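Scope of the values below: all heavy atoms of this structure, side chains included, with no hydrogens, waters or symmetry mates. These numbers were taken from a predicted model, which means no experiment stands behind them.
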Amino acid sequence: MRRRDFLFTVGALAIPDTPADFTLRIAPVSVEIAPKRIVKTTGYSGSFPGPVLRMTEGRPVTIDVFNDTAAPELTHWHGLWIPSDVDGAMEEGTPMIPPHGHSRYTFTPRPAGTRWYHSHVYAGRDLHRSTYSAQFGFLVVTPREDPARYDQEVLLALHGWNPFFTTMGDPSSGDEGSLEVAYGAFTVNSHALGGGEPIRVKEGQRVLFRILNANATQIHRLALPGHTFTIVALDGNAVASPRAVSVVELAPGERVDAIVEMRAPGVWILGEVDDKVRKNGLGVVVEYAGRSGAPAWTAPSKEVWDYTAFGRAGGETVSTEAIVPLVFRQKWAGNRWVSHWTINDKEYPKTDPIVVRANAHYRLVFDNQSDDAHPVHLHRHSFEVRTVAGKVTGGVFKDVVNVQPRTKVEVVMLADNPGPSLLHCHMQLHMDFGFMTLLEYS
């Protein structure tokens, strides 16, 4: 049964009689990410990432979320095929969790794979809200029968802290550019590089890394010297062609599941390829049993991240109801102002909805006519990547696809979850300033 209970009262909280399977509390958190480097923000249940929520595919769950802050909140269950009233987006009809209030979510989790949960409120120029905060955590949906073969599982969430507005242009030339978000520190899980315990492994182990980019606006590229990543799933969905790569790239909202065979004993840094970002915290030490010393880093090859490498050449023909062109453009607001973003020359809430018919396939054409990359996320559905910059593929199913500047990506989606569904850029700054529309069923 699909249902949703919202229980709150003024001045006191009404607690449900029946216990929930999981409970989360939105509240201030303070974490020492490295010696004398403390991050103060808002998180779930006193930590970041929040508690790992493990569910079984097809088995109903109930989650209580208590909002212990003075601001209304929302929790989005990213990557799940669930009803719109529990998805965690106000635009879809999910009610806000009121200040010092409570919401109960009940749904049946599917599909299996690496999902996550995070705040889905408007942040705008407030760099303490939504995905700029620590309100994020892993949600892993296990299949009823799990055929995975690995010796150890490691969950890694990437995030940036102390965000601030800056420009990338030259002030002396008068062309400073629009405002972008930069970060004062980075972490993998709750610590900056060297600030926490290492990942301890043994020679010969097969380690499954579930990697999540929970950063609000920044793309990350990761490497582990002396090792390769065999990509087995993207956004929690098994790929058609698992393949070994030396670099993993994730845009905001994306997840990568990769198997690493531990066959290079030593002490290594698994970290961001960009030296500045890695030295500012985005990395973690990998330590083999019986090994010690300073962790080593060597720059990887300049490998290009390519979704089509994990697909089937040529893909398969699917009869589609319609082709839906979606053109993304920047709406310049002037130097030292935040740019706005449009879909087919309109910004939300004036964007035209994508109208679909239940149980039909649609080809969405993401045409990025800007100089920024856009990780485009579709709520409550998955889609199959079919072309990237003209290269045809199939068998790669995602819920976020990063559309590179001046590039087209085509995806095919099955409209099989009626109700309003958001489609937006997962970069918080882009979403807040226009890059969003709704998919609606006729």
With side chain to side chain donor-acceptor pair (under 3.5 Å) as the test, would you mind laying out the steps for Asp306 and Thr308 before giving the verdict? CA-CA 5 Å; Asp306 181 5; Thr308 68; 2.7 Å; yes
Nearest-0.5 Å distance, [atom1] of residue [X] to [atom2] of residue [Y]:
X      : Y      : atom1 : atom2 : result
Asn368 : Leu326 : CG    : CG    : 12.0 Å
Leu234 : Ser382 : CG    : OG    : 11.5 Å
Ser133 : His128 : OG    : NE2   : 11.0 Å
Leu282 : Thr187 : CG    : OG1   : 7.5 Å
Leu429 : Glu180 : CG    : CD    : 6.5 Å
Phe433 : Leu179 : CZ    : CG    : 9.0 Å

Taking atom [atom1] as the centre, does [X] end up with more than 12 heavy-atom neighbours from other residues, nucleotides or ligands that are less than 6.0 angstrom away?
X      : atom1 : result
Ile38  : CD1   : yes
Arg206 : CZ    : yes
Arg125 : CZ    : yes

Report yes or no: does [X] contribute a side-chain atom to a donor-acceptor pair with the main-chain N or O of [Y] at less than 3.5 Å?
X      : Y      : value
Thr167 : Arg336 : no
Glu347 : Thr342 : no
Asn344 : Thr351 : no
Asp21  : Thr62  : yes
Arg278 : Gly271 : no
Tyr362 : Val355 : no
Asn67  : Pro98  : yes
Tyr348 : Ile343 : no
Arg380 : Ile82  : yes
Thr108 : Val61  : no

[X] side chain near [Y] side chain, heavy-atom distance below 4.5 Å:
X      : Y      : result
Thr166 : Phe164 : yes
Val86  : Thr106 : no
Phe397 : Asp235 : no
His361 : Ser319 : no
Leu53  : Trp77  : yes
Tyr183 : Asn280 : no
Thr437 : Asp352 : no
Met55  : Ile63  : yes

Could you check Phe209 against Tyr150 for side-chain contact (heavy atoms from CB on, under 4.5 Å), going step by step and ending with a plain yes or no? CA-CA 10 Å; Phe209 287 93; Tyr150 52 85; over 6 Å; no
Show the numbers, then the answer: is there a side chain to side chain donor-acceptor pair (under 3.5 Å) between Thr94 and Tyr105? CA-CA 10 Å; Thr94 305; Tyr105 300 79; over 6 Å; no
Can Gln428 and Arg129 be said to form a side-chain contact (heavy atoms from CB on, under 4.5 Å), step by step? CA-CA 10 Å; Gln428 186 79 42; Arg129 292 276 281 160; over 6 Å; no
Between Val286 and Val260, does the side-chain contact (heavy atoms from CB on, under 4.5 Å) criterion hold? Intermediate values first, please. CA-CA 12 Å; Val286 176; Val260 177; over 6 Å; no
Testing Asn189, Leu222, Leu270, Leu158 one by one against Val284 for a side-chain contact (heavy atoms from CB on, under 4.5 Å), which residue passes?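 Looking at Asn189, Leu222, Leu270, Leu158, the match for Val284 under the side-chain contact (heavy atoms from CB on, under 4.5 Å) is Leu270.
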side-chain contact (heavy atoms from CB on, under 4.5 Å), that's the test. Do Val376 and Phe328 meet it? Break it down for me. CA-CA 10 Å; Val376 180; Phe328 311 143; 3.8 Å; yes
So which atom in [X] and which in [Y] form the shortest heavy-atom distance, rounded to 0.1 Å?
X      : Y      : answer
Gly195 : His191 : O-CD2, 3.2 Å
Ser241 : Gly311 : OG-O, 3.0 Å
Val403 : Thr407 : CG1-O, 3.5 Å
Val400 : His78  : CG2-NE2, 3.6 Å
His381 : Trp81  : C-NE1, 3.7 Å
Pro405 : Asp372 : CG-C, 3.7 Å

Would you say the side chains of Thr114 and Arg210 form a donor-acceptor pair under 3.5 Å?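 Note: Thr114 and Arg210 side chains meet the donor-acceptor criterion.
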So [X] and [Y], would you call those rings parallel, tilted or perpendicular, with 30° and 60° as cut-offs?
X      : Y      : answer
Trp116 : Phe136 : perpendicular
His220 : Phe186 : perpendicular
His377 : His76  : tilted

May I ask you to say whether Glu249 pairs ionically with Arg221, meaning some side-chain N is under 4.0 Å from a carboxylate O?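 So Glu249 pairs with Arg221 through a salt bridge.
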Please evaluate residues Thr18 and Arg104 with respect to the criterion side chain to side chain donor-acceptor pair (under 3.5 Å), reporting the C-alpha separation (whole Å), side-chain torsions for both, the decisive distance (0.1 Å), and the verdict. CA-CA 11 Å; Thr18 56; Arg104 168 163 282 195; 2.9 Å; yes
Under 6.0 Å between ring centres, would you say that holds for His424 and His379?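 Ring centroids of His424 and His379 are less than 6.0 Å from each other.
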Ring centroids only, cut at 6.0 angstrom: are Phe366 and His374 within range, meaning strictly under it?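 When the ring centroids of Phe366 and His374 are compared, they turn out to be at least 6.0 Å apart.
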Residues forming a salt bridge (charged side-chain N to carboxylate O under 4.0 Å, His left out) with Asp432, sequence neighbours excluded: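 With neighbours one apart ignored, the set is empty.
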With a cut-off of 3.5 Å and sequence neighbours excluded, list every side-chain donor-acceptor pair involving residues 42-50.
unit_1 : atom_1 : unit_2 : atom_2 : d
Tyr44  : OH     : Thr75  : OG1    : 2.9
Ser45  : OG     : Arg25  : N      : 3.2
Ser47  : OG     : Pro49  : O      : 3.0

